[in-house]
Amino acid sequence: MNIAQKIKFFREQKDYTVNKLANLAGISQSFLRDLELDKKKPSVETVDVLCDTLGISLRDFFDEDIENSIRDDSLIRAIYKLTPQQRKKLTEFLESLN
């Protein structure tokens, strides 16, 4: 998957519209659309900002295994959609079960 496809994949997994991701990342909607259509190439800094906004690391962004896990595992996909606060609460809950 190329960078354009990866950006779109992770955006869609978060159920973000182009407009929402662009606003949260502080970039223009048209620029994000051009990135996803592979009309423009993002800088490393832009990819880093998008990753931060999407709640993933640069390493995860380029890791095919993470992508496959999100695509193939409904539990991982559901966890990915959680906000950081929700993930923290889930972790606390799971740790309390021990």
Side-chain angles (χ1 to χ4, degrees):
M1 209 182 270
N2 68 23
I3 290 177
Q5 293 169 327
K6 285 178 174 284
I7 293 169
K8 184 174 181 180
F9 171 79
F10 284 109
R11 176 183 60 76
E12 289 176 342
Q13 295 308 305
K14 277 286 201 187
D15 291 329
Y16 285 178
T17 63
V18 170
N19 188 44
K20 182 173 182 175
L21 179 56
N23 286 336
L24 291 171
I27 61 176
S28 75
Q29 183 178 349
S30 61
F31 179 63
L32 179 56
R33 192 176 310 109
D34 285 347
L35 293 177
E36 288 190 358
L37 294 172
D38 209 16
K39 291 182 178 180
K40 293 186 178 176
K41 300 294 182 194
S43 66
V44 173
E45 292 81 13
T46 299
V47 174
D48 189 42
V49 167
L50 290 170
C51 287
D52 285 345
T53 305
L54 292 166
I56 58 172
S57 67
L58 276 171
R59 179 178 176 220
D60 289 346
F61 182 80
F62 290 104
D63 186 341
E64 297 293 326
D65 291 335
I66 298 290
E67 220 173 285
N68 292 333
S69 294
I70 291 172
R71 184 181 297 108
D72 300 336
D73 189 314
S74 61
L75 179 59
I76 293 173
R77 190 170 42 253
I79 291 169
Y80 175 72
K81 290 181 181 183
L82 298 176
T83 66
Q85 297 85 0
Q86 291 170 323
R87 287 182 190 186
K88 182 179 178 186
K89 294 278 187 194
L90 177 60
T91 300
E92 290 169 358
F93 170 74
L94 292 172
E95 288 173 350
S96 75
L97 296 176
N98 291 330

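Just so you know, residue 1 is the first one in the sequence shown, and it goes up from there. Note that the coordinates shown come from a computational prediction; the quantities given were computed from them, not determined experimentally.
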(message) According to a hydrophobic-cluster definition based on side-chain heavy atoms being under 4.5 Å apart (Ile, Leu, Val, Met, Phe, Trp, Tyr only), do Leu90 and Ile70 belong together?
(response) no

(message) Given 3.5 Å as the limit, does a donor-acceptor pair link the side chain of Asn23 with the main chain of Asn19, or not?
(response) yes

(message) Applying the side chain to side chain contact (heavy atoms under 4.5 Å, CB included) criterion to Phe9, which one of Gln13, Gln5, Glu12 satisfies it?
(response) Gln13

(request) Starting at NZ of Lys8, measure out to CZ of Arg33 and round the result to the nearest 0.5 Å. (result) 11.5 Å

(request) Is it possible for you to say whether Ile27 and Leu37 belong to one hydrophobic cluster, with membership spreading through side-chain heavy-atom contacts below 4.5 Å? (result) no

(request) Hey, could you give me the CG/CD1 distance between Asp73 and Ile79, rounded to the nearest 0.5 Å? (result) 8.0 Å

(request) Decide whether Ile56 and Val18 are clustered together by the hydrophobic rule: side chain heavy atoms of Ile, Leu, Val, Met, Phe, Trp, Tyr closer than 4.5 Å, transitively. (result) yes

(message) Please tell me whether Tyr80 and Leu75 are part of a single hydrophobic cluster in this structure, the criterion being side-chain heavy atoms less than 4.5 Å apart.
(response) no

(message) Could you measure the distance from the NZ atom of Lys40 to the OG atom of Ser30? Nearest 0.5 Å is fine.
(response) 6.5 Å

(request) Could you tell me the separation between the CG atom of Asp48 and the CZ atom of Phe61, rounded to the nearest 0.5 Å? (result) 11.0 Å

(request) Applying salt bridge (charged side-chain N to carboxylate O under 4.0 Å, His left out), name anything that partners Asp72, two or more places apart in sequence or on another chain. (result) none

(request) Check whether any side-chain heavy atom of Thr46 sits under 4.5 Å from a side-chain heavy atom of Leu35, and report yes or no. (result) yes

(message) Using 0.5 Å steps for rounding, measure from the CG atom of Asn68 to the CG atom of Asp63.
(response) 8.5 Å

(message) Restricting to non-hydrogen atoms, name the atom on Ile3 and the atom on Pro42 that form the minimum distance, rounded to 0.1 Å.
(response) CG2-CG, 3.7 Å

(request) Decide if atom NZ of Lys14 counts as having more than 12 heavy atoms of other residues, nucleotides or ligands within a radius under 6.0 Å. (result) yes

(request) Please report the shortest heavy-atom distance between Ser57 and Cys51, naming the atom on each side. (result) O-SG, 4.0 Å

(request) Have a look at Arg11 and tell me which of Thr53, Leu21, Leu50 forms a side chain to side chain contact (heavy atoms under 4.5 Å, CB included) with it. (result) Leu21

(request) For Lys6, check salt bridge (charged side-chain N to carboxylate O under 4.0 Å, His left out) against everything at least two apart and list the hits. (result) Glu64, Glu67

(request) Indicate the atoms forming the closest heavy-atom contact of Ala22 with Leu32, along with that distance. (result) N-CD2, 3.7 Å

(request) Can you run down the salt bridge (charged side-chain N to carboxylate O under 4.0 Å, His left out) pairs that involve residues 86-98, sequence neighbours left out, and say none if there aren't any? (result) none

(message) If I compare all heavy atoms of Asp60 with all of Phe10, which pair ends up nearest, and what's the gap?
(response) O-CZ, 4.1 Å

(message) Hydrophobic cluster membership, with links at side-chain heavy-atom distances under 4.5 Å among I/L/V/M/F/W/Y: are Leu82 and Phe93 in one?
(response) yes

(message) Within this structure, what is the CG-CD1 distance for the pair Leu54 and Ile7, rounded to the nearest 0.5 Å?
(response) 9.0 Å

